[in-house]
Asks: 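The structure is given below, and queries will be raised subsequently.
Computed from a predicted model, the values in this text were never measured in an experiment.
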Amino acid sequence: MSNVQGFAISMVYPIMKTIVQKGYDFEHFCRQVSFDSNLLQDVEARIEEQELVRLMQEAATYTKDDHFGLHQGQLTDVADMGILGYVMMHSEKIVDALTAYQRYNVILCSGYQVKWEERGNDVYLHFLKQTPMQMSRHCLEDMVSSLYHLIVRMSNRVIHVKELQFTHAAPADTGPYLSLFGVEPRFGGTDTWLRLSRDVLQYPILYADPRLRRAFEPVAEEIREKLIRGREFSDRVFQWMLSCMPVFFPTLQQTADSFYMSTRSLQARLKEENTSYNELSANARKEIALGYLNKKEYPITEIAYLLHFSDPSAFQNAFKKWTGLTPGQYRANAMQRA
């Protein structure tokens with residue numbers, strides 16, 4: 001589990017921009033999908049991954065665009081990425097911008113990361129999922145599309161994609177991929193990657209200003225450190241909860257006793273890190289559930305009792321609240337990807 005939870009509320013802005021660009025009313029969309037647009041006023045707010053995934057899927061349905069994430073990525077500008085975007089824009093070369101993206105991406109979201117490797121004359125950009133939650137097609141395609149188009153804009157060059165692979169199955173219409181990337185991707189791979197010429201890494205960034213980079217980078221570093229260090233205690237509590245199960249499901253009192261404090265002190269410490277005993281225990285159960293469901297030898301009924309739910313229906317209801325899927329649906333999807 002990452003110390004940093006969820007996604008910056010600013011990640012909703014590209015959804016808003018794409019919906020508006022397509023000629024739809026964003027406030028009407030928010031009402032339709034029960035999203036409180038007032039959250040956008042709190043610049044420090046973060047939302048859960050499953051909520052962003054839900055909004056992307058709802059936006060695809062609302063705009064009748066089955067490639068919403070792909071098209072959203074095409075519209076992404078450095079300004080949409082806040083301080084991270086400004087550090088990238090004022091880096092010297094593309095490789096420096098990618099390094100900044102890798103280091104400061106946590107400011108925008110947890111659970112997604114980029115790594116690259118050079119092989120001969122090529123560079124492979126790998127797009128990684130670092131949390132157990134099922135990979136969202138629209139979120140992943142947005143990530144791939146946005147980074148590719150940012151590289152094109154920052155370098156002001158034509159950049160040919162040699163190969164592209166996604167982990168998810170091919171949608172009915174693969175035309176938009178060819179239009180955006182110039183190649184038709186492979187689908188159903190073991191990981192997601194983009195293959196470009198190795199020379200791209202050394203392309204200079206147009207309009208880069210080293211003085212502005214020196215101004216923006218300390219701000220990005222401060223935000224990153226605050227996010228990562230801000231949840232040290234709750235992460236220790238979370239890891240302890242994981243270690244207890246499936247032997248027993250720790251109560252609030254047992255958790256407080258383990259950390260040599262009262263329940264009131266424990267709750268106060270967790271509140272300082274914007275979480276609670278209930279949230280951490282739910283996340284621990286969810287993480288273990290995802291692990292079991294990826295192994296077909298565990299019956300769903302047995303998983304419910306391993307997680308100390310009173311009965312299988314309670315597990316079914318909790319899991320659907322966490323992921324939007326029933327345990328059976330999640331397992332079927334996981335087996336299909338395997």
Asks: Would you check if the side chain of R119 reaches a backbone N or O of R198 as a donor-acceptor pair within less than 3.5 Å?
Replies: no
Asks: Would you call R137 and D66 a salt bridge, taking side-chain N to carboxylate O under 4.0 Å as the test?
Replies: yes
Asks: Would you confirm whether R331, through its side chain, and P299, through its main-chain N or O, come within 3.5 Å as a donor-acceptor pair?
Replies: no
Asks: Is the backbone N or O of V152 less than 3.5 Å from a side-chain atom of R157, with the two atoms forming a donor-acceptor pair by type?
Replies: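 No; judged by distance alone, with no hydrogens or angles, the pair does not exist.
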Asks: Quiz question: by atom type and distance under 3.5 Å, do the side chains of S265 and S262 form a donor-acceptor pair?
Replies: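 Yes.
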Asks: So, taking the atom named CD1 in I151 and the one named OH in Y101, what distance separates them when rounded to the nearest 0.5 Å?
Replies: 9.5 Å
Asks: Using modelled atom types and a 3.5 Å cut-off, is there a donor and acceptor pairing between side-chain atoms of D311 and backbone atoms of A314?
Replies: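 Yes, D311 side chain to A314 backbone: donor-acceptor pair under 3.5 Å.
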Asks: Between R103 and E221, does at least one N-O distance fall below 4.0 Å, as a salt bridge requires?
Replies: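 A salt bridge is present here (some side-chain N lies under 4.0 Å from a carboxylate O).
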Asks: Mind checking the CD1-CG spacing from I288 to N283? Nearest 0.5 Å is all I need.
Replies: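 The CD1 atom of I288 sits 11.0 Å away from the CG atom of N283.
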Asks: Assess the side chains of H126 and E117: does a donor N or O sit below 3.5 Å from an acceptor N or O?
Replies: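 Checked: H126/E117 side chains pair up, N/O donor to acceptor below 3.5 Å.
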Asks: Under a 4.0 Å N-O cut-off, is there an ion pair linking R195 with D122?
Replies: yes
Asks: How long is the gap from OH on Y305 to CZ on F315, to the nearest 0.5 Å?
Replies: 12.0 Å
Asks: Please assess I15 against F68 for the test side chain to side chain contact (heavy atoms under 4.5 Å, CB included), listing each intermediate value before the final yes or no.
Replies: CA-CA 9 Å; I15 298 176; F68 186 87; 4.2 Å; yes
Asks: I'd like to know if the side chain of S136 pairs up with that of Q57 as donor and acceptor (distance under 3.5 Å, no hydrogens or angles considered).
Replies: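 Per modelled atom types, S136 and Q57 side chains form no pair under 3.5 Å.
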Asks: Can Q72 and S146 be said to form a side chain to side chain donor-acceptor pair (under 3.5 Å), step by step?
Replies: CA-CA 7 Å; Q72 177 174 301; S146 64; over 6 Å; no
Asks: Has the side chain of S281 got a donor or acceptor atom that lies under 3.5 Å from a matching backbone atom of N278?
Replies: yes
Asks: Classify the side-chain pair D257/Q253 by whether it contains a donor and acceptor separated by less than 3.5 Å.
Replies: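 Present: a donor and an acceptor within the cut-off.
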Asks: Taking the ring centre of each residue, are Y330 and F319 less than 6.0 Å apart?
Replies: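 Ring centroids of Y330 and F319 are less than 6.0 Å from each other.
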Asks: Checking S145 side chain against L70 main chain: does a donor-acceptor pair fall under 3.5 Å?
Replies: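 Flag set: sc S145 to bb L70 pair under 3.5 Å.
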Asks: One thing to verify: whether K271 and E273 come together as a salt bridge, which I'm taking to mean a side-chain N less than 4.0 angstrom from a carboxylate O.
Replies: no
Asks: I'd like to know if the side chain of N294 and the backbone of L290 have a donor-acceptor N/O pair within less than 3.5 Å.
Replies: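 Such a contact is found between N294 side chain and L290 backbone.
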Asks: Backbone N or O of L39 within a donor-acceptor pair of the D42 side chain at under 3.5 Å?
Replies: no
Asks: Mind listing the closest non-hydrogen atom pair of Q254 and T251 along with its distance?
Replies: OE1-N, 2.8 Å
Asks: When rounded to the nearest 0.5 angstrom, what is the spacing between OH in Y207 and CG in L212?
Replies: 14.5 Å
Asks: Can you label the angle between the W240 ring and the F248 ring as parallel, tilted or perpendicular, going by 30° and 60°?
Replies: perpendicular
Asks: So, the side chain of H90 versus the backbone of P210: is there a donor-acceptor pair under 3.5 Å, distance only?
Replies: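 Flag not set: sc H90 to bb P210 has no pair under 3.5 Å.
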Asks: How about E222: does its CD atom have over 12 heavy atoms from other parts shown lying under 6.0 Å from it?
Replies: no
Asks: Does one hydrophobic cluster hold both W116 and Y112, with members joined at side-chain heavy-atom distances below 4.5 Å?
Replies: yes
Asks: Could you check whether Y177 and F187 have their ring centres less than 6.0 Å apart?
Replies: yes
Asks: Is R186 reaching over with its side chain to a backbone N or O of Q165, donor-acceptor style, under 3.5 angstrom?
Replies: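 It does not hold such a pair.
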Asks: Is it possible for you to say whether V87 and V219 belong to one hydrophobic cluster, with membership spreading through side-chain heavy-atom contacts below 4.5 Å?
Replies: yes
Asks: If you take the centroid of each ring, where Trp contributes its six-membered ring, are Y62 and Y24 closer together than 6.0 Å?
Replies: yes
Asks: Please report the shortest heavy-atom distance between E279 and N274, naming the atom on each side.
Replies: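 What the structure gives for the nearest pair is OE1-O, 3.9 Å.
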